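Just below is one structure, and these are the notes that go with it.
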Amino acid sequence: MAQRETWTSRIGFIFAAVGSAVGLGNIWSFPFQTATNGGAAFLVVYLLAVALIGFPTMLIEFVIGRRGEQNPVEAFRKIGHGQWSFVGGLGLFSSLLTLAFYSVVGGWVLSYIVGSATGSYFGDPGTYFGAVSAGPTAVAAHAVFMAITIGIVALGVTGGIERATTFMIPAILVLLVGLGAWATTLEGATAGYNYYLSPDFGVIANNFGSIVPPAMGQAFFTLSLGFSVMIAYASYLGRDDSLPADGGAIVVVNTLVALLAGFVVFPILFATGGAEGAGSGGAGTAFVALAGAFGNLPAGQIIGFVFFVVLLFAALSSSISLLEVPVSYITEHYGYRRSTTAVATGVFIFLVGVPATFGTEWLNFYNDVVFKFLLPIVVLLLAVFIGWFADTDAMDELGRGSSVGRSFKTVWLWWVRIVVPIAVVVTLYLGIKALYTGLSTGAYF
């Protein structure tokens, strides 16, 4: 059997993990989730979710991955808890389903890069979105995006994933900072910042049940938690790296990118008419709102092109991590070649995603099943497993390569045992309730 690949450097791992976290969730979903759920009120809940639930959960996945040094399913067996391997499999399934609809949105981004270059969407953004989001154009763009993802993953951990993310993450940061600086010059930017950064705590109190599930789901999505991605990535990590330090760096950079996206999007929206309704129409409204805004701004064609290039890099950096999860399992468990496995798995995921090219209803359904149901269940099971069944191994692995003391490890363990499960159970209850309401009212189909 060929020797298992590892990251060539610590920074390579951090860029890859940040790349998985920094995706459409940060630059596409986050600003419009914020617009839909009360502006700065949502931002407050989201930041709390990232710090109090997201970071401890990331360390859970890191501990399992590095301890097991295997794909997300085999890792549980390697550390002596094979009966829990179904949790890694459930995360793998979440990755498959997410990439199926994520790739469709990635295809939209490709279409909008072309539309920005040609100015195609400036005249009628709504009609343009309708033309590229469903039908043959959507299927073709979905196929192209999946083909790019397959190509990167087929090249391997170091030659494909690490090399691609080491280029894309700095590019995303530089381009976002540039766009954010430009956005400060727009008339209406101040109103956008106020909407984004001035929370009304009454909104949180009055809408707690509707804000918490998307905020928690957004935190899981943007940190790639519950997909088994971080288990897979940590399995390629050296024993001398500090998991808390690396996890902290990833969380900080990921959150910085999400915040930067808001500093770009909200000034643009307020400069062209406001943001309150920007997220109300679901996945497609984000593209229509931004396209309409770019069409009404000086140099909008150039700005739109740069923005959607940033969005493409972000989308790809996450899609390759989602494909890596099933590919790593199949290659290690069955011994198939990585390139063949990447192609076969990618084609299967493409086919699963085709219904999402029929209209945004299917896409919204896929999205809600993953973020309101699957991810919370996976995170809950991981917390129970590490907190109550593999606690000794977890404490030992968390301290390996790190200077953190026993007090940090003890607080983390009890946080994982008590606080994380309670928060996730509440989120899961609210999410299932919302999903059931959507199904019973015909909101999806």
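Quick caveat: nothing in here was measured; it's all calculated off a predicted structure.
With a 4.5 Å cut-off on side-chain heavy atoms, Phe220 and Leu374 do not count as touching. Residues Val426 and Met216 fail the side-chain proximity criterion, which asks for heavy atoms closer than 4.5 Å. Between Trp415 and Leu59 there is no side-chain heavy-atom pair separated by less than 4.5 Å. No side-chain heavy atom of Trp182 sits under 4.5 Å from any side-chain heavy atom of Val306. You'll find the side chain of Arg163 stays beyond 4.5 Å of the side chain of Ile152, heavy atoms only. Annotation: side chain of Val229 is in contact with side chain of Ser95 (closest heavy-atom distance under 4.5 Å). You'll find the side chain of Thr255 reaches within 4.5 Å of the side chain of Leu259, heavy atoms only. By the 4.5 Å heavy-atom criterion applied to side chains, Val264 and Leu260 are not counted as neighbours.
Using cut-offs of 30° and 60° for the angle between ring planes, the Tyr233 and Trp7 rings count as perpendicular. Below 30°, between 30° and 60°, or above 60°: for Tyr46 and Phe30 the angle between ring planes is between 30° and 60°, a tilted geometry. Relative orientation of the Tyr102 and Phe221 rings is perpendicular, given thresholds of 30° and 60° on the angle between their planes. Using the six-membered ring where Trp is involved, Phe86 and Trp84 have ring planes that are parallel, under 30° apart on the 30 and 60° scheme. Note on ring orientation: taking the six-membered ring where Trp is involved, the planes of Tyr112 and Phe129 are tilted (angle from 30° to 60°). Relative orientation of the Phe308 and Phe287 rings is parallel, given thresholds of 30° and 60° on the angle between their planes.
In plain terms, the two heavy atoms of Pro267 and Gly262 that are nearest each other are CD-O, 3.6 Å. Between Ala434 and Lys372, the closest heavy-atom pair is CB-NZ, 3.8 Å. Summarising the geometry of Val288 relative to Pro125, their closest heavy-atom pair is O-CB, 3.8 Å, with the distance given to 0.1 Å.
Under the salt bridge (Lys or Arg N to Asp or Glu O under 4.0 Å) criterion, Arg66 pairs with Glu397, not counting sequence neighbours. Residues passing the side-chain contact (heavy atoms from CB on, under 4.5 Å) test with Val411, sequence neighbours excluded: none.
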Item to check | Tyr121 and Ser116: CA distance, side-chain angles, deciding distance, side chain to side chain donor-acceptor pair (under 3.5 Å) verdict | outcome: CA-CA 7 Å; Tyr121 59 69; Ser116 297; 2.7 Å; yes

Next on the checklist: Determine whether Phe408 and Trp412 satisfy the following criterion, ring-ring contact (aromatic ring centres under 6.0 Å, His included), listing intermediate values before the conclusion.
Outcome noted: CA-CA 6 Å; Phe408 175 89; Trp412 171 77; 7.9 Å; no

Next on the checklist: Apply side chain to side chain donor-acceptor pair (under 3.5 Å) to residues Ser228 and Tyr329 and explain how you reach the verdict.
Outcome noted: CA-CA 11 Å; Ser228 293; Tyr329 170 68; over 6 Å; no

Item to check | Audit row: Val369, Phe101, side chain to side chain contact (heavy atoms under 4.5 Å, CB included) steps and yes/no | outcome: CA-CA 11 Å; Val369 167; Phe101 74 82; over 6 Å; no

Item to check | Verdict with supporting geometry, Phe389 and His81, ring-ring contact (aromatic ring centres under 6.0 Å, His included) | outcome: CA-CA 9 Å; Phe389 292 88; His81 295 275; 7.5 Å; no

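Atom CD of Glu332 and atom OG of Ser235 lie 6.5 Å apart (nearest 0.5 Å). In this structure, the separation between CG on Leu398 and CZ on Arg400 is 11.0 Å, given to the nearest 0.5 Å. Atom-to-atom distance recorded for Asp368:CG and Leu363:CG is 9.5 Å, nearest 0.5 angstrom. Put simply, CD on Gln70 and NZ on Lys78 are 5.0 Å apart, with the number rounded to the nearest 0.5 Å.
With a 6.0 Å radius and a threshold of 12 heavy atoms from other residues, nucleotides or ligands, Arg337 has its CZ atom at or below the threshold. Environment of CD1 in Ile302: sparse, with no more than 12 heavy atoms of neighbouring residues, nucleotides or ligands closer than 6.0 Å. Residue-environment remark: CZ (Phe122) exceeds the threshold of 12 foreign heavy atoms within 6.0 Å.
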Could you list the donor-acceptor pairs under 3.5 angstrom formed between side-chain atoms of residues 346-355 and any protein atom two or more places apart in sequence or on another chain?
none

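Exactly one of Tyr193, Tyr196, Phe263, Tyr195 qualifies for a ring pair (Phe, Tyr, Trp, His ring centres under 6.0 Å) with Phe270. That residue is Tyr195. No option in Val109, Val265, Leu176 other than Leu176 meets the side-chain contact (heavy atoms from CB on, under 4.5 Å) test with Ile27.
Looking at Glu162, its side chain never comes within 3.5 Å of a backbone N or O of Phe13 through a donor-acceptor pair. Here the side chain of Ser20 pairs no donor or acceptor atom with the backbone of Ser318 at under 3.5 angstrom.
Of the charged side-chain nitrogens involved, none lies within less than 4.0 Å of a carboxylate oxygen, so that Asp240 and Arg10 do not count as a salt-bridged pair.
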